[in-house]
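Quick notes on the structure that follows.
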Amino acid sequence: FPVSDLLLYLAVLFFGGALIYEEREKKLFLVTFSSARGRFSTIGAKTGALALHCLMVTFCLYGSDFAWSFASAGFVDLSAPLQSLAPYMESTLKLSIGGFLVFNLLLKALVLFTFGTLLLAAAIAFRQNFMSLLSGGLCLGISGFLYSVIPANSWNNWLKFLNFYGTMKTDRLLGGYLNLNFFGTPVSRLAAT
């Protein structure tokens, strides 16, 4: 469901800002950064919390989507090869349907974690809290614009697929084989991502 990707981005956008907001308001960054191990411990704790948040939100949201789909359309044999499904007949991955679902969710969580890490860096760099939200929203807006405007067979198709909006479509990334045109050299989309 396309709305699920948007909800995931919004969850990470607000969680990433909330991780930094309280420490900035209480002026705890000065204390944390001046201590001996404060900076690296804080970074580790923040990125660990972000990684756990991305995994939990992705599995909860898409798990409920899969449960609803299976309940309304019926269950499939999750041990069957991925190529037994019509949209994935061209996939070169040697995965079962269940393995594909898990790999798909882990890849989505990784894309969200990358996005969230950049948001954390923006939240620390900017003095105003709304600037990290604005920069995250701007990044998603530009990614969505590039994905919708650039044709898939153009010379700059890597701009279409190698942004946050394009990489979040992991079912298309894993479902078919596509070469990207990197300045005249064909590169697999999966390898480039």
Side-chain angles (χ1 to χ4, degrees), residues 1-35 37-66 101-150 156-174 180 189-193:
F1 301 108
V3 175
S4 298
D5 288 342
L6 179 64
L7 290 175
L8 285 175
Y9 275 127
L10 288 176
V12 171
L13 188 69
F14 291 120
F15 185 78
L19 279 173
I20 303 299
Y21 178 74
E22 186 174 345
E23 286 186 2
R24 173 166 288 141
E25 290 299 312
K26 292 181 179 179
K27 306 218 185 301
L28 294 175
F29 276 138
L30 300 174
V31 174
T32 303
F33 285 167
S34 63
S35 63
R37 291 186 40 208
R39 185 174 296 193
F40 294 113
S41 298
T42 302
I43 290 170
K46 300 287 184 197
T47 55
L50 180 67
L52 186 61
H53 173 76
C54 291
L55 278 173
M56 295 297 290
V57 168
T58 302
F59 274 88
C60 288
L61 188 62
Y62 275 97
S64 64
D65 284 351
F66 290 143
L101 292 176
V102 170
F103 191 56
N104 190 17
L105 292 180
L106 288 174
L107 196 56
K108 280 188 184 291
L110 181 64
V111 171
L112 282 174
F113 177 70
T114 305
F115 178 69
T117 304
L118 293 175
L119 282 177
L120 282 178
I124 291 171
F126 294 123
R127 298 286 179 224
Q128 294 84 13
N129 291 320
F130 74 92
M131 289 300 290
S132 66
L133 296 175
L134 182 66
S135 63
L138 188 63
C139 180
L140 288 179
I142 291 171
S143 295
F145 176 75
L146 290 174
Y147 190 83
S148 63
V149 170
I150 297 174
N156 57 354
N157 62 358
W158 58 274
L159 289 172
K160 177 183 182 92
F161 295 111
L162 295 182
N163 60 41
F164 288 116
Y165 192 83
T167 54
M168 195 62 164
K169 302 207 174 288
T170 54
D171 55 331
R172 294 182 185 157
L173 171 69
L174 300 173
L180 299 179
R189 178 183 175 195
L190 184 60
T193 301

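Position 1 is the first residue of the sequence; numbering continues from there. Keep in mind it's a predicted model, so treat the numbers as computed, not measured. Note that these values count all heavy atoms, side chains included, but never hydrogens, waters or copies made by symmetry.
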Non-hydrogen atoms of [X] and [Y] that approach each other most closely:
| X | Y | result |
| --- | --- | --- |
| G116 | V12 | CA-CG1, 3.5 Å |
| G137 | L13 | N-CD1, 4.3 Å |
| C54 | A109 | CB-O, 3.9 Å |

To the nearest 0.5 Å, tell me how far [X] [atom1] sits from [Y] [atom2].
| X | Y | atom1 | atom2 | result |
| --- | --- | --- | --- | --- |
| F145 | L138 | CZ | CG | 12.5 Å |
| Y62 | L105 | OH | CG | 8.5 Å |
| L106 | F113 | CG | CZ | 13.5 Å |
| S135 | L118 | OG | CG | 9.0 Å |
| F66 | L61 | CZ | CG | 10.0 Å |
| L52 | F15 | CG | CZ | 8.0 Å |

Donor-acceptor contact below 3.5 Å, side chain T58 vs main chain L55: no
Evaluation steps, side-chain contact (heavy atoms from CB on, under 4.5 Å), between Y9 and V111: CA-CA 10 Å; Y9 275 127; V111 171; 3.8 Å; yes
Test log, rule side-chain contact (heavy atoms from CB on, under 4.5 Å), inputs L146 and I142: CA-CA 6 Å; L146 290 174; I142 291 171; 4.1 Å; yes
